[in-house]
Each structure stands twice: as structure tokens, then as C-alpha cells.
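This structure is a prediction, so every number in the text was calculated from the model and none was measured. In what follows, chains carry the letters A, B, and so on, assigned in the order in which the sequence lines appear, proteins first and then strands, with residues in each chain numbered from 1.
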Protein chains: 2
Amino acid sequence: MKRHQVTIVDIAKQLNLSKSTVSRALTGHPSVHAATRQAVLELAEQLDYQRNMLAISLITNKTNTIGIIVPEFSSSFFPNVIIGAQEIASKAGYNTVICQSNETYETEVANTKVMLANQVDGLLVSITKETKNFDHLKVFQRKGIPIVFFNRVCDDMDVPKVIVDDFDGAYRAVTHLIESGRKRIAHLSGPPALKISEKRLNGYKAALRKNNIELDEELVIPYDLSLEKVPIYVNHLLNLDNPPDAIFAINDPTAIEIIQVIKKRGLKVPKDIAVVGFSNDYASGLIDPALTTVSQPVKEMGKTAAQLLLDQMNRDVADWKSIIRVLKTELIVRNSS
Amino acid sequence: MKRHQVTIVDIAKQLNLSKSTVSRALTGHPSVHAATRQAVLELAEQLDYQRNMLAISLITNKTNTIGIIVPEFSSSFFPNVIIGAQEIASKAGYNTVICQSNETYETEVANTKVMLANQVDGLLVSITKETKNFDHLKVFQRKGIPIVFFNRVCDDMDVPKVIVDDFDGAYRAVTHLIESGRKRIAHLSGPPALKISEKRLNGYKAALRKNNIELDEELVIPYDLSLEKVPIYVNHLLNLDNPPDAIFAINDPTAIEIIQVIKKRGLKVPKDIAVVGFSNDYASGLIDPALTTVSQPVKEMGKTAAQLLLDQMNRDVADWKSIIRVLKTELIVRNSS
DNA sequence: CTGTTAGCGCTTTCAA
DNA sequence: TTGAAAGCGCTAACAG
């Protein structure tokens with residue numbers, strides 16, 4: 001069937017005006033007779049006229065849409081970042097198109113194609129744990145479409161980034177464990193390719209060093225963030241001749257899994273072994289024992305990233321800046337440590 | 001700055017062909033010489049040509065986009081529905097635009113405007129707790145844009161809906177409580193305007209009736225789903241002369257809040273009072289004690305809704321059907337009951 | 001202040 | 001099989 005849409009021409013005909021005059025009236029152009037404008041606006045209202053953004057975008061080469069690509073959607077982290085970003089974007093008159101890459105490189109590449117097809121005016125990205133090649137993202141730079149990274153950033157590209165102070169957060173988390181008397185602190189780390197893994201690992205190491213605890217490589221296990229594998233690593237750690245008395249996890253979902261495994265083995269958290277996470281996800285306060293964790297200003301991160309993106313979009317390509325905004329974290333001590 | 005885009009004209013010029021031929025080659029039109037097509041395709045590839053969907057949409061009056069409006073984003077429920085819906089949509093070549101209404105009617109109305117501006121080809125909606133007037137949604141029907149409701153549906157409108165068997169789920173949850181010896185079962189219900197509230201309430205009542213337990217109106221409290229108000233109602237219930245020995249909550253977030261409040265008062269779940277939720281959110285299995293709840297096939301719901309929408313979109317308006325798809329729930333008994 | 005003209009990038013008749 | 005021309009709905013010069 002054929003949908004009918006009310007167009008400027010319809011209004012122009014009924015009012016015996018030219019298209020351009022109607023257009024001007026509609027877009028608030030100053031040089032239109034007040035009475036004319038009034039008439040146009042009234043009729044438009046009455047006819048329920050909607051501007052055809054497709055046509056406008058075709059001309060202006062702007063879609064008023066920003067794209068957001070996130071690795072997943074299931075923990076509370078990314079949805080909350082998105083809430084923040086949408087708040088800022090919609091205030092500035094931008095819509096958002098959201099894609100999730102499902103933590104796979106191929107999907108992420110496909111997502112960028114979608115964004116290109118949608119002709120987004122800007123892109124917010126948090127990369128997958130697999131992403132090592134960034135050509136699909138560099139395309140945007142080349143096309144003059146600004147990009148801002150958040151959380152999981154790409155060091156290769158000279159664009160704005162919003163992160164938290166991962167090093168500092170990890171450092172404080174581990175220091176807290178040491179101060180509560182833990183001697184052998186393990187770290188279930190993330191994929192080495194991710195900057196956050198590296199920085200949190202460095203924070204962990206620095207805290208040990210500062211307190212004259214020798215780093216035991218045996219206690220540091222990098223893993224690929226597939227939660228179903230956590231039991232393997234935790235059991236491995238607990239089966240060591242000299243098992244750890246604390247585990248610092250790369251993130252909260254991991255820490256929560258760790259606690260489950262420990263409990264299943266009949267050990268007590270934190271008596272036998274303390275656990276600390278990173279993120280302060282919604283579930284972390286609810287689990288038993290409640291998880292000690294490093295909280296990130298999640299919504300804030302979304303807002304900041306969106307704001308940075310808007311700034312770029314209103315600038316000439318030549319003036320693009322590659323600011324790195326580092327947000328503060330906060331250590332939340334609960335019962336798991 | 002001026003972004004440059006490779007267009008059909010560029011290709012046509014280089015190959016000394018007409019725009020139309022290039023267009024035909026690109027769109028896989030049969031009547032084009034094999035060699036010509038080959039040449040066009042190769043050059044397009046080499047030039048990294050991207051079809052301008054705006055222009056195509058302008059002509060075809062189709063955007064290949066479906067809209068999704070959800071009340072919130074913070075529990076695990078809606079993100080998971082969206083994952084399911086996106087899976088089906090993208091397989092069919094559709095992009096998705098997601099909006100969250102933040103549980104307020106005004107935002108929902110604004111969201112529908114966004115969807116209209118984006119000229120979505122179809123809409124998936126779960127309404128807010130406040131939505132009583134549906135004019136903003138009926139607009140879509142009038143314009144020939146199909147709508148499918150999921151989870152929170154509108155009974156006023158004759159369109160496809162995907163829900164779970166709320167009555168049955170509630171019935172079984174409450175029956176389970178009765179069978180485990182509970183005598184005074186309270187129900188923290190949702191806003192009466194929402195169908196799910198009504199149906200779960202009816203399931204609750206039916207289970208009581210079936211077991212010859214008289215309904216005590218004092219034990220049924222409808223509330224507006226603002227979690228911060230849960231303590232008020234729970235404390236009220238616990239302060240009754242004859243307090244309940246179980247609470248059935250409209251959903252999991254509510255149940256989780258209830259457990260917190262009970263624990264804070266120094267009472268034990270489930271010894272002193274059992275709690276049962278509805279949804280099987282991610283957090284529900286983690287909380288202490290693990291929550292007994294009615295699980296819904298969440299991703300499935302998204303998939304079904306998207307499929308129903310696609311079906312409508314490929315049909316003439318006259319043939320639109322208003323199927324109601326009811327998905328099965330499952331009672332998951334854990335430690336809170 | 002208003003009308004005319006051209007054109008955004010593409011598809012789609014209608015001819016050749 | 002290919003080309004020329006018209007037009008999707010709108011805006012943006014350029015005239016008047």
C-alpha cells in the first residue's frame with residue numbers, strides 16, 4: 001500500500017504560496033511575513049505535517065544521528081553508559097542508533113557498516129575484547145566522521161577517549177586488600193590486548209611493589225572474559241600448593257563468578273579468601289557477601305563521551321582534538337574483603 | 001568541511017556509462033551486460049562506494065529501520081528482549097533505533113516523535129507504567145506503520161502482542177508458596193493500569209481461591225514500581241497485627257528490594273517470611289538468599305515480537321492481524337521460599 | 001518579503 | 001542492453 005505523507009507542496013497549494021515560502025516559515029526563517037508564517041504553521045499543525053528528515057539529510061549531508069557501538073548489553077555497565085550518552089545527545093537534538101558487537105570482531109565490523117549506511121554524524125565506540133585491527137574504525141576518520149572511544153579504547157587512534165583511572169582504581173583496591181592483611185593476592189586479569197586489562201594489571205603490580213610484596217607470576221591469570229571459564233581458573237588457583245588468600249578480578253561479573261565458585265567449594269568469603277571486583281555493577285551490592293569493588297561513574301562516562309563527540313562534530317576536521325578524559329573511581333568496601 | 005562521498009555519477013563518468021546503467025549493475029538488475037556489470041562492481045569496490053540509503057529511502061519510502069521503545073534499560077529484562085529483537089531484525093536486513101521512555105508518558109510521546117522523524121518501517125513498544133492514553137501510538141496505525149507490543153501491552157489497540165502467561169506464572173508461584181506451608185501471602189502488585197499487574201494479581205487471587213484461602217485485601221498493595229517506595233510498603237506489611245508469612249512481588253527488582261528491607265529488619269528469608277519474584281533477572285540468582293521467581297523467555301520474547309512485526313510489514317494494511325502470542329513461563333524455586 | 005530555479009543521490013519510467 | 005529525463009521532498013542561492 002502507499003503511505004501518504006503531508007508535504008510542503010500540499011501546504012503551499014492550499015495556501016497559494018510557493019514552496020520556498022512555506023519552507024522558510026516552517027524553518028523559522030526571519031524573512032517571512034508574520035501573518036504568512038502564522039497561516040503556514042497553523043495549517044501544518046492541522047494537517048499533522050512532519051518534516052521529511054530524509055530529504056533534509058540528503059541535502060544537508062547530516063542525519064542528526066550518532067551511533068553507539070558496545071560489546072555487550074547484558075551487564076548493567078553499558079546500558080547505563082548509553083543512558084548517559086543519550087541524555088546529552090537528545091538534548092542536542094541527536095538521535096542514537098545502538099549496536100552491540102557481541103564481543104566479536106566480525107560483528108563489530110558489521111556494526112560499523114551499519115553506522116556508515118545510516119550515515120551517522122558521529123560515533124561512540126567501546127571495542128570488543130578481540131579487536132586488534134582498527135581499519136574499520138579508521139574509515140570514519142578518513143570520511144570526516146568523528147569518533148570518541150570510551151571504556152575500551154584504541155591506543156592506535158588519535159581521537160578523544162573517555163576512561164576511568166584504571167591504574168589508580170586497581171592500585172587502591174589491591175592496597176586495601178594488603179592493608180586488611182592479605183599476603184597472597186591473585187589477579188584474574190583481562191585480555192592483554194585491552195588497555196583496561198593492562199592498566200588494572202599495572203595498578204595491581206604497583207600496589208604489591210609499594211608494599212614490598214614480591215610479584216608471583218603464578219597468581220596472575222589473564223583470561224578472555226568468557227565467564228564460563230572462570231571456574232577453571234579459580235579452581236586452579238585454589239589448588240595451588242600455596243593458594244592465594246585474595247583475588248582481585250578484572251571486573252564485577254568475573255568477581256561474582258569467582259565468589260560462586262569459592263562458595264561451591266565450601267570455602268568462605270572473605271574469611272578464607274577475599275574477593276574484589278571492578279565496576280560496581282547493580283548485582284554487586286546484592287550478592288552474598290556483598291562485593292567490594294571499584295565504582296566507576298558510569299552514566300557520567302556516557303555523558304562525557306557524548307559531549308566530547310558533539311564538540312568534535314561542531315569543529316572542523318583540522319581542529320579535531322584528541323583529549324583523553326580520565327574519570328575518577330571510588331573504592332567501595334563491602335563484605336567480600 | 002565538506003565530506004566527499006563516492007556516487008554513482010563518479011563511477012559512471014570513469015566508466016563512460018550512464019547513471020542508470022551503473023545503478024542497474026549495482027542493484028543486480030538482470031538486463032545489464034555481464035562485462036559492464038563486472039566493471040561497475042569492480043570499480044565500486046575499489047572506490048569503496050557506499051549506496052546512499054537516504055536517497056534510496058527518499059524514493060522507496062522505506063528506511064529499513066525498525067524502532068524499539070522500552071520503559072527502561074537498567075534491569076536485565078529489556079536489554080535482553082532487545083538482543084533477541086535485533087537478532088531477527090538484522091537477519092532480515094533491518095536496523096534498529098532504540099529509545100527509552102524512562103517510565104514517563106511524556107518521554108514516550110517524545111520517543112514516538114523521534115520514531116516518526118526517523119521514518120521507521122515498524123515499531124516495537126513496551127509502554128510505561130503511566131501510559132493511559134494511546135493516541136501517540138495510534139498515529140502509527142493511521143500512517144500505515146505496523147506496531148507490535150511486547151510485555152507491557154495496550155489492550156485498546158488491535159495489533160499483535162507478545163506476552164507471557166502472567167496469570168499462570170503468578171498462579172504457580174503462589175501455589176508453590178501455599179504448598180510450602182505459607183498461610184498469609186501478601187502481594188506487592190504493580191500499577192492497576194498495566195495489564196501485567198492485573199493478570200498477575202488475578203493469578204494470585206485464583207491460587208488463593210483454589211486452596212480455600214480467603215483473600216485479605218489488606219495484604220494486596222498496588223504500587224507504582226518506584227523501587228525507593230518498596231520499604232514503605234514492606235514495613236507496613238510487617239507492622240500489621242497479623243503480618244504475612246510470604247510476599248509475592250510483581251517483579252524481580254521489587255522482590256530484591258523486599259528482601260533487603262526484610263533483612264534490614266533482622267528477619268530471616270525464608271524462615272520468617274518467604275519472597276517470590278517474577279522475571280528471573282540476572283541479579284536474582286546472585287542475591288542472598290537466591291530468589292525464587294517465575295522466569296520468562298526474555299530473548300524469545302524479543303525474537304517473537306520482531307518476527308511478528310516483520311510479518312506485518314510484509315503484508316497489506318488490510319491484512320494486518322492482531323495475533324496475541326503468549327509465551328510460557330517457568331517457576332524457578334530457589335532459597336527465598 | 002516572496003517566487004523561481006537548481007540540485008542532493010538515487011531509481012524508474014520511457015525511448016532507442 | 002543502454003541512455004535520457006523525470007522526480008522523491010526538501011533547501012538554498014538568486015532574483016525580483
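Following rounding to the nearest Å, A/Lys13 (NZ) and D/dG9 (P) show an atom-to-atom distance of 11 Å. At whole-Å resolution of the value, CG in B/Asn61 and P in D/dC10 are 11 Å apart. If you measure from atom CD1 of B/Ile11 to atom P of C/dG9, you get 13 Å, rounded to the nearest angstrom. As a whole-Å value, the separation of A/Gln119 CD from C/dG9 P is 10 Å. The distance from atom CD1 of B/Ile59 to atom C1' of C/dC8 is 11 Å, rounded to the nearest whole Å.
The stretch residues 48-56 of chain B touches DNA chain C through B/Tyr49, B/Arg51, B/Asn52, B/Ala55, B/Ile56, each having a heavy atom within less than 4.0 Å of the strand. Within residues 15-40 of chain A, the residues that place at least one heavy atom under 4.0 Å from DNA chain C are, in residue-number order, A/Leu17, A/Ser18, A/Ser20, A/Thr21, A/Arg24, A/Ser31, A/Val32, A/His33, A/Thr36.
Residues that satisfy the side-chain hydrogen bond (donor to acceptor under 3.5 Å, both in side chains) test with B/Ser20, not counting sequence neighbours, are B/Ser18. A/Asp156 is linked by a salt bridge (charged side-chain N to carboxylate O under 4.0 Å, His left out) to A/Lys138, counting only residues two or more places apart in sequence or in another chain. Looking at residues two or more places apart in sequence or on another chain, you find no side chain to side chain contact (heavy atoms under 4.5 Å, CB included) involving B/Asn16. B/Val153 pairs by the side chain to side chain contact (heavy atoms under 4.5 Å, CB included) definition with B/Phe149, B/Asp155, B/Lys161, B/Ile163, B/Lys195, not counting sequence neighbours. With sequence neighbours excluded, the residues that form a side chain to side chain contact (heavy atoms under 4.5 Å, CB included) with A/Ala117 are B/Met53. Remark: B/Glu87 pairs with B/Lys91, B/Lys299, B/Lys303 by the side chain to side chain contact (heavy atoms under 4.5 Å, CB included) rule, at least two apart or across chains.
Between the side chains of A/Asp311 and A/Gln307, at least one donor-acceptor pair of N or O atoms lies under 3.5 Å.
Taking the screw axis at each terminus of the helix from C/dC1-D/dG16 to C/dA16-D/dT1 from five consecutive base pairs, the angle between the two is 40° to within rounding of 10 degrees.
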Enumerate donor-acceptor pairs with a distance under 3.5 Å from any side-chain N or O in residues 95-103 of chain A to protein atoms, sequence neighbours excluded.
residue, atom, partner, partner atom, Å
A/Thr96, OG1, A/Gln86, NE2, 2.9
A/Ser101, OG, A/Val70, O, 3.3
A/Glu103, OE1, A/Lys129, N, 2.9
A/Glu103, OE1, A/Arg152, NH1, 3.3
A/Glu103, OE2, A/Arg152, NH2, 2.7

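Across all strands shown, A/Ile8 has heavy atoms under 4.0 Å from sugar-phosphate atoms exclusively, and none from any base.
The stretch residues 24-81 of chain B participates, sequence neighbours left out, in these ring-ring contact (aromatic ring centres under 6.0 Å, His included) pairs: A/Phe73-B/Phe73. Pairs engaging residues 100-121 of chain B under the ring-ring contact (aromatic ring centres under 6.0 Å, His included) rule: B/Tyr105-B/His136 [sequence neighbours left out].
Minimum heavy-atom separation, B/Glu108 to B/Ser126: OE1-O, 4.3 Å.
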